[in-house]
Amino acid sequence: MIQITLPDKSVREYPEAVNGIEIAKSISHGLAKNVLSIEVNGQAWDLTRKITKDASIKLHTWEDNIGKETFWHSSAHLLAEAIEFFFPGTKFGIGPTVDNGFYYDIDLPEGKVISEKDFQKIEKKMLELARQKNNIVRSEISKVDALTMFAEKNDELKQELIGELEDGTISLYNQGNFTDLCRGPHLPNTGYIKAIKLTAIAGAYWRGDEKNKMLTRVYGITFPKQKMLEEYLVMLEEAKKRDHRKIGKEMDLFTFSEAVGQGLPLWLPKGAQLREQLEIFLKKVQKKYGYDQVITPHIGDVNLYKTSGHYEKYGKDSFQPISTPAEGEEYLLKPMNCPHHCEIYKSRPKSYKDLPVRMAEFGTVYRYEQSGELHGLTRVRSFTQDDAHIFCRPDQLKDEFKKVIDIVFIIFKALSFENYVTQISLRDPEKPEKYIGSPENWDKAEKAIVEACEEKGLNTITELGEAAFYGPKLDFMIKDALGRSWQLGTIQVDYNLPERFKLEYIGADDNRHQPVMIHRAPFGSMERFVAVLIEHTAGKFPLWLTPEQAVILPISEKYNDYAKKVSDFLNISDIRTVIDDRNEKIGRKIRDNELKRIPYLLIVGEKEAETETVSVRRQGEGDKGVMEKSAFANFILKEVKDQLSGLYN
RNA sequence: GCCGGAGUAGCUCAGGGGUAGAGCGCAUCCUUGGUAAGGAUGAGGUCACGAGUUCAAUUCUCGUCUUCGGCUCCA
């Protein structure tokens, strides 16, 4: 007998060579039905693998990620089996799981292509194979044998992977006529997979390196129940309705024009209004935190960027310099605001008493993004950063950094962003050539970020190699409607640009010292922020922010004059109001304006005109009764104030 | 930039080698209304652009541009 410890610390006795399924069965019938994989002493195992010694275990079902991953991982093998059936000779790269399913990277035989038209037959084949309930059997194999096996299949992708593995740790999984190199774990048999949908096809470089061959990546998702697939597809449809590109068009927020150029957004009046509200809001917050607004040009002498290091790093991959008629003069569209801000700092000598200097600008920058990267407002070639640079003394650094974190959270709170990830992005220690500055400076900068985050109690993840070339950063990431993650806010510590720009201040000791810089943008870019905001709110912006807060709907033309009077009154009270005086019945006006997501609809007819009132209707909620027009103004202003109360002042 | 889709009216989309279709929107007129679509009439398209095949191309082929899904990149 062996002793098995469960997660609740209870210990049960089983005969030697018991497996996960048997343990699940001994606990409950329901668990036995739902269990997908097992963790033995912290390692993921197959449910059918025999346990021979005392162990601590944890059983995983669909409800936790490990169970789901096992399910999708086995699904990837099923996909590969079906592809091998239709496309014999296909070479298989890797087939991992992702947030929503799995993919397999394949190299099809010469001259063969796979397209979405093939999906139906592949899905059908996968289901057929699943219904055979083929056991998925693990076996261990020596490195030599593994290499021989995949050499026979001419699969150099797998051979490359095996070459990097250690002998004695190599396992194969077989199901039906298909065998794949795999660490596992897997489902006991293919019959667990009941619903299958192939979702996309794409190119992907082998091992993620653009110098390598491009393989074909097939994405799919599977479920243990047909109904779950149906629900997933409905959810996808719902997510598509929140797409900021679609809503941006519907609500007249922004547009693009081929004539202007790709990746260059044109903000329409309502979008501009939205942006302006965000800017007003942030400026108030920054005022409280001691920032000063500055304004700098959209271009700068190319030598400025040689000093900063941007030109060397990105010169080839940016818009090329603009030449002047006089020879030898070259200007670059600014890709960042920091060099300009450094020059503002330098324009007057600084005392230690002047620091920190906090310089803010809504600065529009231009970056040549690869054409395939452009995506709505989230990835563009012209965008406005809510940028600021804090020049401080080393002893002020941590405190300043923490204050910036506070500003980011004020914004997230104001817009109810609750699901974000905070990521510390450090340099890649193996690629020092990617960065400027001394290791000592980097050590100091990285330490400052890590400590500030700890002291703030942030729950961060750390990524090596994600730092900017001049310094490490703290990034705030938010997901869009389809679950794609975007970096919004960013805070960066930089010892290098002050050195390159020879920034200094006179210390209390009457000597020259070098300040430290913090680069920060809590929204990140206005474009990307608005995009994510649209997807989060589905276009139903909070009242304080929305471009049109109220629309007045006269019952008929006879009341247009009164509508105008109310509109003027509200607009002068700082309530953004429009009139819908189209020749339509009231029902039609209500419907259209509800669909336009305007928070308040004010209906005015004979009764209202006589009594100086408005009949109030809240978007999505219906009739709210009649209010005197100045009472309504106070009401809506109070609502705005309440939404923002406590955030600044 | 790379792989694979797509591009038809302002928007959403149908169609298809032989004079271009719908719904919504827009315009004009009728209607002047009370809480989610009133009615009539009408305008609007070099079928992304450029070549090729063909008696004939919006439709087939190739190239370019834009766009969508990924990959790579992201100061």
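Just so we're on the same page: letters track the sequence lines, and every chain starts at 1.
Look at CZ on A:R582: it is 14 Å from C1' on B:rG33, rounded to the nearest Å. Here B:rC74 presents its P atom at 13 Å from CG of A:D475, a figure rounded to the nearest Å. To the nearest angstrom, C1' of B:rG70 lies 14 Å from CG of A:D480. Following rounding to the nearest Å, A:I201 (CD1) and B:rC68 (P) show an atom-to-atom distance of 20 Å. Put simply, NZ on A:K249 is 7 Å from P on B:rC11, counting in whole angstrom units. A:N583 has its CG atom 12 Å from the P atom of B:rG33, to the nearest Å.
The separation of B:rU67 from B:rC49, taken at their C1' atoms, amounts to 15 Å, rounded to a whole angstrom. When the P atom is compared between B:rC24 and B:rC62, the two are found 39 Å apart, to the nearest whole Å. Nucleotides B:rG7 and B:rU59 have their P atoms positioned 12 Å apart, rounded to a whole Å. Separating the P atom of B:rC26 from that of B:rU64 is a span of 40 Å, rounded to the nearest Å. Nucleotides B:rG44 and B:rA9 are separated by 6 Å at their C1' atoms, to the nearest Å.
For B:rU35, its base sits under 3.5 Å from the side chain of A:S615 at one donor and acceptor pair at least. Applying the 3.5 Å distance criterion, the base of B:rG1 shares no donor-acceptor pair with the side chain of A:Y368. A:E608 contributes a side-chain N or O that forms a donor-acceptor pair with the base of B:rG34 under 3.5 Å.
Ring geometry for A:H375 versus A:H244: interplanar angle of 30 to 60°, hence tilted.
Although no hydrogens or angles enter the test, the distance criterion places a donor-acceptor pair under 3.5 Å between the side chain of A:W442 and the main chain of A:I436.
Defined by atom type and a distance below 3.5 Å, a donor-acceptor pair is present between the side-chain atoms of A:K334 and A:T296.
In this structure the side chain of A:Y366 never reaches within 4.5 angstrom of the side chain of A:L332, judged on heavy atoms.
A salt bridge links A:E164 to A:R207: at least one charged side-chain nitrogen sits closer than 4.0 Å to a carboxylate oxygen.
Of the side-chain N and O atoms in A:T216, none sit less than 4.0 angstrom from OP1 or OP2 of B:rC3. Between A:H375 and B:rG70 there is no side-chain N or O to OP1 or OP2 distance below 4.0 Å. One finds a side-chain N or O of A:R484 lying less than 4.0 angstrom from the OP1 or OP2 phosphate oxygen of B:rG70. At B:rG33, one or more side-chain N or O atoms of A:K558 fall inside 4.0 Å of OP1 or OP2 (strictly under the cut-off). Taking side-chain N and O atoms only, A:R245 has a distance below 4.0 Å to OP1 or OP2 of B:rG69. An OP1 or OP2 oxygen of B:rU67 is reached within less than 4.0 angstrom by a side-chain nitrogen or oxygen of A:Q262.
Among B:rG69, B:rG1, B:rU35, the nucleotide with an atom closest to any side-chain atom of A:A202 is B:rG69. Closest to the side chain of A:I603, out of B:rG34, B:rC3, B:rA36, is B:rG34. Distance from the side chain of A:R591 is smallest for B:rA36 among the nucleotides B:rG33, B:rC71, B:rA36. If you check B:rA36, B:rG34, B:rC73 against the side chain of A:Q370, the one that comes closest is B:rC73.
Place A:R379 and A:A200 on RNA chain B by their nearest nucleotides, and A:A200 ends up nearer the 5' end. Both A:E258 and A:E557 lie close to RNA chain B; mapped to their nearest nucleotides by heavy-atom distance, the more 5′-ward contact belongs to A:E557.
A:F632 has its ring centre less than 6.0 Å from the ring centre of A:Y600. Less than 6.0 angstrom separates the ring centroid of A:H519 from the ring centroid of A:Y470.
Secondary-structure stems of RNA chain B, taken as three or more successive Watson-Crick or G-U wobble pairs (i with j, i+1 with j-1) under a 3.5 Å distance threshold, comprise B:1-7 with B:65-71, B:10-13 with B:21-24, B:26-30 with B:38-42, B:48-52 with B:60-64.
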